[in-house]
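Heads up: the structure comes next, in structure tokens.
Proteins get letters first, then strands, A, B, ... in listed order; numbering begins at 1 in each.
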Protein chains: 2
Amino acid sequence: MSSHDDLRAIALSEFARAGYGATSLQRIAEVAGLSKSSVLYHFASKEALLEAGISPALDRMEVILDSIEGAPLNDQTRRAFITDFVDFLLAYRLEVHLFINQARSLEDVPVIDRANLIVVRLASYFHSNVDSPVDRLRFGIALGGAAYVLATEENFGPETEPLADIRPALITVLTELLAPVPVRPAAIQELI
Amino acid sequence: MSSHDDLRAIALSEFARAGYGATSLQRIAEVAGLSKSSVLYHFASKEALLEAGISPALDRMEVILDSIEGAPLNDQTRRAFITDFVDFLLAYRLEVHLFINQARSLEDVPVIDRANLIVVRLASYFHSNVDSPVDRLRFGIALGGAAYVLATEENFGPETEPLADIRPALITVLTELLAPVPVRPAAIQELI
DNA sequence: ACAGTTTCTGACCGATCGGTCAGTTAACAG
DNA sequence: CTGTTAACTGACCGATCGGTCAGAAACTGT
């Protein structure tokens with residue numbers, strides 16, 4: 001329970017909640033019960049706090065990417081990826097939320113560039129394994145939507161139960177949405 | 001082509017690209033070729049620029065909500081909502097992107113509260129028309145994912161075509177994902 | 001040309017930002 | 001107790017923030 005780890009967790013939480021630019025070192029110091037100078041004693045800069053906050057999540061996601069990029073997208077690899085991805089989203093909700101909300105405004109920050117590269121790798125993998133443009137769009141909505149919903153659970157409203165068994169539900173939904181042959185009744189084609 | 005409308009458009013673009021807090025009045029003034037004082041002559045404050053920027057999108061979404069909240073979710077209303085929603089996303093990409101990326105860090109801004117209320121109304125409508133928790137999760141992923149993907153098209157990578165016929169593709173995917181009886185093979189149930 | 005109104009600007013304000021630095025306090029080994 | 005090191009702090013810095021204000025500049029109708 002070092003001050004170093006505390007500050008990392010506090011900064012991550014504040015960055016995800018209020019945004020990187022809107023979170024001051026003074027605010028982080030107050031939550032930690034320290035002075036701003038002490039925060040800068042443990043971390044060289046505000047950017048160093050950001051990097052320390054989300055790097056573990058990037059490490060994990062890069063391991064997942066390494067495990068799928070060598071193999072084609074079949075039933076087995078799809079199943080493994082989905083469980084890995086869902087567990088990743090559940091384990092790193094704050095980090096995912098921070099990335100989704102701040103990626104555009106922090107494009108010149110090295111650690112955000114690294115995160116953006118991960119998204120590109122993920123998109124490239126599915127792009128090279130899925131032929132239909134519509135399916136690629138559906139896959140993008142599935143992965144992006146899962147990340148977005150997981151990272152902003154308050155969008156479901158406070159009156160709804162927090163979907164306690166969200167892990168199997170997420171696996172179910174993603175398995176449907178990433179199905180190799182999407183179910184698309186002929187009736188739908190006539191609608192558009 | 002008044003300076004007023006120009007400033008509204010420039011501010012919206014900058015807010016969406018770099019974030020509200022990270023966009024200074026000085027930056028907006030430079031892009032518009034004016035001084036910071038002139039920007040504040042046309043708009044009383046930075047917050048007024050934000051409100052002017054996204055209010056039209058909220059107006060449109062509230063009309064859509066008014067049109068669905070009185071009727072149950074059947075084939076006809078679902079089809080009408082999907083086309084309305086897709087056209088909304090395509091017409092207000094910047095506004096949606098701005099809201100998605102800044103909603104959390106601007107919770108005390110009235111116009112953002114208004115936008116959040118819209119999301120709550122949307123979630124409540126589907127919540128009251130969909131029984132299965134898994135289906136509600138799938139609907140949330142579909143709507144949130146469509147908004148997220150549309151608002152951040154760069155996630156598809158620069159090497160991919162911008163999905164020129166994205167409107168029919170989006171309608172196809174959302175029609176699948178918002179199907180009243182989701183197709184969920186028994187094989188999926190055994191996986192989880 | 002003139003007066004009136006709209007548009008625009010530079011100078012300035014207090015506040016806050018991220019970051020530096022000299023020096024104090026606390027912890028601990030001998 | 002003493003010396004050393006790690007942890008911490010207040011004072012301060014230049015820069016930038018959103019916003020105010022008096023007045024210049026530009027456009028208007030007469």
Atom-to-atom span, [atom1] of [X] to [atom2] of [N] - whole angstrom:
{"X": "B:I28", "N": "D:dT16", "atom1": "CD1", "atom2": "P", "answer": "17 Å"}
{"X": "B:L34", "N": "D:dA25", "atom1": "CG", "atom2": "C1'", "answer": "14 Å"}
{"X": "A:H4", "N": "D:dC8", "atom1": "NE2", "atom2": "C1'", "answer": "16 Å"}
{"X": "B:L25", "N": "D:dT20", "atom1": "CG", "atom2": "P", "answer": "11 Å"}
{"X": "B:K36", "N": "D:dT20", "atom1": "NZ", "atom2": "C1'", "answer": "10 Å"}

Decide whether B:N74 and B:T77 meet the rule of one side-chain donor and one side-chain acceptor closer than 3.5 Å.
-> yes
Can you find a side-chain donor-acceptor pair between A:S35 and A:S38 that sits under 3.5 Å?
-> yes
Answer yes or no for B:K46 and B:Y20: cation-pi contact, defined as NZ/CZ to six-membered ring centre under 6.0 Å and angle to ring axis within 45°.
-> yes
Checking B:L150, B:I82, B:T175 against B:L170 for side-chain contact (heavy atoms from CB on, under 4.5 Å), the one that qualifies is B:L150
Can you find a side chain N or O atom of A:S24 that sits less than 4.0 Å from OP1 or OP2 on C:dT16?
-> no
Does OP1 or OP2 of C:dC8 have a side-chain N or O of B:S3 closer than 4.0 Å?
-> yes
Which residues in residues 37-48 of chain B have at least one heavy atom lying under 4.0 Å from any atom of DNA chain D?
-> B:S37, B:L40, B:S45, B:K46
Under 3.5 Å: donor-acceptor pair, side chain of A:S128, backbone of A:S124 | yes
Do any N or O atoms from the side chain of B:R136 and from the backbone of B:F126 form a donor-acceptor pair under 3.5 angstrom?
-> no
Looking only at C:dC17, C:dT9, D:dC17, the nucleotide nearest the B:Q26 side chain is D:dC17
